[in-house]
Engineer: 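Shown below is the structure under consideration.
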Amino acid sequence: MATAPNPEAGQDQAWRKNRKLDQWIAFWSVPFFFNLFGLVFVPLSWMMPPRSPSSTTPHIVDFMHSHNLLIACVILTLAFGLAPVSNACYLMQIKRMSVSRAFRYSMMIGAITGAIVGMLFPMFCFGLGAFRPGYSPAVLTMLYDFGYLAFIGSLGCFCVMWMAFGLAILLDHNNILPKWLGYYTVWQYMTELIAAPVWIAKSGPFAWNGLMTFWFAMTLYVPWQFIVYLCIYKAIKSQPEAELDNARPEPQRAA
Amino acid sequence: MTSLIRNPLTIVWALLTTVTIASSLIALDGGAAHQINTTVTTAVLLIAGVKAQLVIWHFMEVRRAPVWLKATTSGWVVGLFALLLGFYFAGL
Amino acid sequence: MTDVAEDSATGVDQSDRAAGARGHVPGDPSMWFFVIGDLLIFGVYFVVYMYFRVQNHELFLHSQARLNLDIGAINTVMLLSSSLFVALGTAAARAGNSADALRRFWVALAFGAAFPLLKMCEWIPEISAALTPGTNLFFMYYYVMTGMHLCHVLLGLIIMCFVIRNLKTSQQPKISFVETGATYWHMVDVLWLVLFALLYLMR
């Protein structure tokens, strides 16, 4: 005798049984993480837009000892672990592409080194200023330079990441992600490359807060970051369940 | 061989090369003193614009492309050189 | 028969006249997306260069005098010639004449490969003379923009090699692929034409 199924329990079961749950969790962590990141870097600590590389020492010392920087570093320390989860979204899609595994590995290593150098190092540098009062102004200035250069100068890692991703999309026969996104990702790579002069210029359009290396790069980067995740959303949604890694084989019909 | 020489594409190339050499000479003679020279700059930039348009129109085959592509590329040439000349003269 | 062949060699196919009304987008449309976007991005760099130039006329003029205009001009002609042979090669490929197309693309590749070599002949003496990206704003622009462009050239040469391989090894070469590669290469040429005027020629 069949009992009427409880609709609420059915719904509960439905989302937990969703085969793509892992991907959706990873995906939805992204807006959370990025918003947190944005909050930390902009209104809280005013690290972004980048401060001038030619700031005077008293300004730098004030900044490193500021209360807001302390809060920003606390949040960053707690939330940093979500970076790999966001990156997992890219890797899940590139895995479905027909291209060589070398692209996925390159992307993975690029993402790892990028996160370490581009996020962890600045966190240490600014964290040292915030959590450990008592360093001399000269040391604080060095940490300030180190932090910003690591944040913006870590372009090499991201170059590898985006070049691998862009090329993979362009060469992919399965058309997981649209070709125009591949080309847009190549532009991402180009803007990372244009950031190379930040190591040399301390002012002007090629400094780390410059028109060419930062502001224009941002006008290309911000839309790209939104668009890429939109495309990934569509890709996750449209992936046939049978293709999933955790797809169960079709049950055998009783004779 | 003669068909290659008479080919419209080759004629365009000959024009482009001639004009390249001409503008180099303009810059060498007229602008040799390496001072601000509005004549040289205007000439050189306008020539560059014409060259770009020729390459886009003939080599990239935009002359046989749909209207939207013609408009976009021509718009880029006109817009870019207008801005370049505009900023140049505005900053003098 | 020869009339059609000659007609095709001049790039004016019978079918093209019919298609003329609709308009034909050569190659993969997504490559055009890239080309237009790249032209716009470089366009921004060009205009920003002009903006900073007019604020630093003296500096830019004196620095410009150190550039090797001869090599710049020769490089321009190299790229133009390379583009010519790419265009001729594309027309030949469309006419079904793979042998001609292959020959023309080899010539195009030779002209194109001359560019990076000549560029080294330009850069190495300059760097030896202590003219580096860090010297001043002009030289930063010079190295960054010609450097970005050089990356584009190298990528274009790689793409051309793939086109040559396609023409050589397959019975039915993919015309769309040839056109796509050609479109990219011509864009590289157009960018250089502007760079040459902005960096070497203008006063």
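Chain identifiers are assigned alphabetically (A, B, ...) following the order of the sequence lines, protein sequences preceding nucleic acid strands; residue numbering begins at 1 within each chain.
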Engineer: Could you walk me through whether B:Met60 and C:Val35 satisfy the side chain to side chain contact (heavy atoms under 4.5 Å, CB included) test, starting with their C-alpha distance in whole Å, then the side-chain angles of each, then the deciding distance to 0.1 Å, before giving a yes or no?
Structural biologist: CA-CA 11 Å; B:Met60 290 177 103; C:Val35 164; 3.9 Å; yes
Engineer: At a 4.5 Å cut-off on heavy atoms, which part of C:Thr76 comes close to chain B: side chain, backbone, both, or neither?
Structural biologist: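 For C:Thr76, side-chain heavy atoms alone lie under 4.5 Å from chain B.
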Engineer: Report the residue from C:Arg53, C:Met50, C:Met202 that forms a side chain to side chain contact (heavy atoms under 4.5 Å, CB included) with B:Leu84.
Structural biologist: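 Of the listed options, the one satisfying the test is C:Met50.
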Engineer: Could you report the tightest heavy-atom contact between C:Leu198 and B:Leu45, atom names first, then the distance?
Structural biologist: CD2-CD2, 4.0 Å
Engineer: Any residues in residues 46-54 of chain B near chain C, with a heavy-atom distance under 4.5 Å, and which are they?
Structural biologist: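 The stretch touches chain C at B:Ala48, B:Lys51, B:Ala52.
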Engineer: Under a 4.5 Å heavy-atom cut-off, does chain C meet the side chain of B:Val62, its backbone, both or neither?
Structural biologist: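 The side chain, not the backbone.
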Engineer: Between C:Leu193, C:Leu84, C:Val54, which residue shows the highest count of heavy-atom pairs closer than 4.5 Å to chain B?
Structural biologist: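 Sorted descending by pairs with chain B, the first entry is C:Leu84.
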Engineer: Only pairs of heavy atoms separated by less than 4.5 Å count here; which of B:Thr39, B:Leu69, B:Thr38, B:Leu83 has the most with chain C?
Structural biologist: B:Leu69
Engineer: Out of C:Gly27, C:Pro26, C:Ser81, which one racks up the most heavy-atom pairs below 4.5 Å with chain B?
Structural biologist: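 Most heavy-atom pairs under 4.5 Å with chain B: C:Ser81.
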Engineer: Provide the full list of ring-ring contact (aromatic ring centres under 6.0 Å, His included) pairs with a residue in residues 40-62 of chain B, sequence neighbours left out, each pair given once.
Structural biologist: B:Phe59-C:His186
Engineer: With no hydrogens and no angle check, is any side-chain donor or acceptor of C:Tyr51 less than 3.5 Å from a backbone partner on B:Gly91?
Structural biologist: no
Engineer: Against chain C, work out which of B:Trp13, B:Phe81, B:Trp68 has the most heavy-atom pairs shorter than 4.5 Å and name it.
Structural biologist: B:Trp13
Engineer: Mind ranking B:Val55, B:Thr20, B:Ile36, B:Thr17 by heavy-atom pairs under 4.5 Å with chain C and telling me who comes out on top?
Structural biologist: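 Highest number of heavy-atom pairs under 4.5 Å: B:Ile36.
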Engineer: Which heavy atom in C:Val47 sits nearest to a heavy atom in B:Phe87, and how many Å separate them?
Structural biologist: CG1-CE1, 3.5 Å
Engineer: Minimum heavy-atom separation for C:Arg203 and B:Ala27, please, with both atom names.
Structural biologist: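 Heavy atoms of C:Arg203 and B:Ala27 come nearest at NH2-O, 3.3 Å.
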Engineer: If the condition is side chain to side chain contact (heavy atoms under 4.5 Å, CB included), which residues does C:Thr146 pass it with, not counting sequence neighbours?
Structural biologist: C:Lys119, C:Trp123, C:Tyr142, C:Trp192, C:Leu199
Engineer: Please classify the contact between C:Ile36 and chain B as side chain, backbone, both or neither, with a heavy-atom cut-off of under 4.5 Å.
Structural biologist: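 Interface part for C:Ile36: side chain.
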Engineer: Taking B:Trp76 for the side chain and C:Leu39 for the main chain, is one N or O donor matched with an acceptor at less than 3.5 Å?
Structural biologist: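 Present.
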Engineer: Can you tell which part of C:Phe85 gets under 4.5 Å to a heavy atom of chain B, answering side chain, backbone, both or neither?
Structural biologist: neither
Engineer: Quick one: what part of C:Leu80 sits under 4.5 Å from any heavy atom of chain B, side chain, backbone, both or neither?
Structural biologist: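 Contact with chain B involves both backbone and side-chain atoms of C:Leu80.
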Engineer: Walk me through whether C:Tyr200 and B:Ser24 qualify under side chain to side chain contact (heavy atoms under 4.5 Å, CB included).
Structural biologist: CA-CA 9 Å; C:Tyr200 294 81; B:Ser24 306; over 6 Å; no
Engineer: Counting only heavy atoms not in B:Phe89, do more than 12 sit closer than 6.0 Å to its CZ atom?
Structural biologist: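 Yes.
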Engineer: Need one label for B:Leu16: side chain, backbone, both or neither, based on atoms under 4.5 Å from any heavy atom in chain C.
Structural biologist: both
Engineer: State whether the number of non-hydrogen atoms from other residues, nucleotides or ligands found under 6.0 Å of C:His57 atom NE2 is greater than 12.
Structural biologist: yes
Engineer: Among all residues two or more places apart in sequence or in another chain, which pass the side chain to side chain contact (heavy atoms under 4.5 Å, CB included) test with C:Leu117?
Structural biologist: none
Engineer: Under a 4.5 Å cutoff for heavy-atom pairs, which residue among C:Ala73, C:Ala65, C:Gly43, C:Gly72 has the most contacts with chain B?
Structural biologist: C:Ala65
